Amino acid sequence: MFLKGIFMLTFTTAGESHGKCLIVIVSGFPAGVQLDESDINEELKRRQGGFGRGGRMQIESDRVCILSGIRKSTTIGSPICLKIENKDSKIDILPAVTRPRPGHADLPGIIKYDQRDVRNILERASARETAARVAAGALAKILLARFDIEVLGYVKSIGGISSKKTVKTPNDILKNRNKSKVYCLDKPAEAKMIEKIKKAKKNGDSLGGVIEVIAFGVPPGLGSHTQWELRLDGILAGALMSVQGIKGVEIGLGFGFSKKFGSQVHDEIFYSEDRGAFSRTTNNAGGIEGGMTNGEVVIARAVMKPIPTLMKPLRSVDIITKKPESASTERSDVCAVPAVSVIGEAVTAFEIARCFMEKFGGDSINEVTRNYEGYMKQICAI
Ligand code: EPS
């Protein structure tokens with residue numbers, strides 16, 4: 001997130017919501033990783049789904065077109081360029097927008113970029129850009145899977161209705177999430193969430209919520225305490241916070257730490273002679289201590305604000321006339337929290353993969369694997 005070096009695993013996106021396409025370029029991805037395009041497309045499809053989406057998702061059917069970096073379904077070490085076409089491409093004929101929406105990038109954007117048409121801002125600020133990030137995250141997930149690391153996101157709450165389910169294994173997420181219309185694990189909560197989204201839609205309103213992302217199988221030692229920008233909790237918070245609509249992030253017990261004594265919250269350390277390994281019985285730290293993974297599962301949560309585009313708009317001001325007006329309205333989603341659970345998963349996977357490559361870096365998957373296996377052998381001897 002913070003550093004960009006030539007040999008680092010990084011990505012850049014380009015594209016406007018109603019422009020021709022979205023592009024993502026992933027650099028620093030090792031050679032020799034076999035992948036199936038359909039694995040990326042599956043993630044894109046999940047991002048498009050979830051109850052509460054608006055009309056746009058009926059128009060689009062996001063798929064990647066591989067432009068570079070992959071040959072015969074295998075990465076070759078050069079930058080991977082992926083294109084996602086916008087079917088609803090109409091940026092040049094859309095009319096000007098002059099009534100900024102409270103909560104959107106509209107007003108600060110026109111001030112900063114000296115614009116008189118809010119569309120010149122909103123097109124890039126749009127969460128459509130996250131399709132490109134999900135494609136990059138899908139590549140990261142394919143890389144991590146080679147080392148049995150699995151990153152999964154799901155919806156924890158929408159509009160104050162919370163899932164009561166606890167998660168211990170990847171399957172606890174997969175078996176319920178993939179059947180849920182809102183990517184939630186708790187059936188009774190799901191029904192209530194859907195009702196609340198319907199109510200919001202009827203009232204011309206929108207809803208936010210909380211997503212949780214869990215990374216299973218992450219080895220100890222990703223991230224570092226030695227420099228501020230190397231701390232994994234800071235990196236994950238930055239990545240999640242950069243997703244459109246996110247207003248808060250917590251790791252492990254997060255804000256819950258504020259209510260308890262130290263003796264109640266820190267995860268005590270045990271050693272099992274049989275397994276020859278350190279262990280914990282709790283994971284309030286969310287798998288990160290001192291900015292480094294400690295071998296427990298990594299847990300992050302993020303809160304998404306309700307979408308600022310309201311069919312019953314709030315008060316605003318016309319940027320040309322300076323007269324009071326209602327904010328602009330346009331086709332939008334009522335609730336995109338399910339989609340954000342997919343995006344949160346993608347950006348978390350990418351940052352974990354980046355830290356993984358920083359630690360075990362190599363130009364080919366064989367080199368990375370050798371480095372990883374050597375380290376795993378080393379830590380077993382401690
Ligand atoms: C968005 C507005 C809507 C959303 C969009 C984000 O798009 P449109 O204006 O075309 O109806 O659907 O999200 C996506 C297009 C997407 O792919 O997630 C906004 O204003 O941020």
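Because the structure is predicted, anything quoted here is derived from the model rather than measured. As the structure lists them, so they are numbered: ligands from 1, and atoms in each ligand from 1.
Heavy-atom separations between His18 and ligand 1 include at least one value shorter than 4.0 Å. For Glu60, the heavy-atom gap to ligand 1 stays at 4.0 angstrom or more. Assignment of Gln244 to the shell around ligand 1 is not supported, since no heavy atom sits closer than 4.0 Å. Look at Ala131 and you'll find every heavy atom at least 4.0 Å from all atoms of ligand 1.
When only modelled atom types and interatomic distance are considered, Ser316 and Glu325 share no side-chain donor-acceptor pair under 3.5 Å. A donor and an acceptor atom, one from each side chain of Thr282 and Asn284, are nowhere located under 3.5 Å apart. A donor and an acceptor atom, one from each side chain of Arg56 and His18, are located under 3.5 Å apart.
Between Cys81 and Ile23 there is a side-chain heavy-atom pair separated by less than 4.5 Å.
Between the CE atom of Met311 and the OG atom of Ser332 there is a distance of 6.0 Å, given to the nearest 0.5 Å. Annotation: the span from Asn171 atom CG to Leu174 atom CG amounts to 6.0 Å, rounded to 0.5 Å.
Any N or O atom pair closer than 3.5 Å counts here, and Asp62 shares no such pair with ligand 1. Residue Ser17 places no N or O, backbone or side chain, under 3.5 Å from any N or O of ligand 1. Ligand 1 has no N or O atom lying under 3.5 Å from any N or O atom of Thr130, backbone or side chain.
Protein heavy atom nearest atom 4 (C) of ligand 1, with residue, atom name and distance: Asp333 OD2, 3.5 Å. Atom 1 (C) of ligand 1 has as its closest protein heavy atom Ser126 OG, 3.6 Å. For atom 9 (O) of ligand 1, the nearest protein heavy atom (residue, atom name, distance) is Arg331 O, 3.3 Å. The nearest heavy-atom contact from the protein to atom 14 (C) of ligand 1 is Met57 CE, 3.6 Å. If you check which protein heavy atom lies closest to atom 2 (C) of ligand 1, you get Ser332 OG, 3.8 Å.
Less than 4.0 angstrom separates some heavy atom of Glu330 from each of these atoms of ligand 1: 9 (O). Atom numbering of ligand 1 starts at 1 in the shown order; those under 4.0 Å from a heavy atom of Arg47 are 16 (C), 17 (O), 18 (O).
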Quick one: do Tyr372 and Phe360 satisfy ring-ring contact (aromatic ring centres under 6.0 Å, His included)? Show the steps, please. CA-CA 6 Å; Tyr372 171 77; Phe360 305 114; 5.4 Å; yes
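The two residues Ala327 and Pro102 have their closest heavy-atom pair at CB-CD, 3.7 Å. When all heavy atoms of Leu22 and Ala131 are compared, the pair lying nearest together is CD1-CB, 3.7 Å.
The side chain of His104, and not its backbone, has at least one atom closer than 4.0 Å to an atom of ligand 1 (non-hydrogen atoms only; side chain from C-beta on). Residue Arg128 touches ligand 1 through backbone and side chain together, judged by heavy-atom distances below 4.0 Å.
In this structure, the side chain of Gln378 does not engage the main chain of Met376 through any donor-acceptor pair within 3.5 Å.
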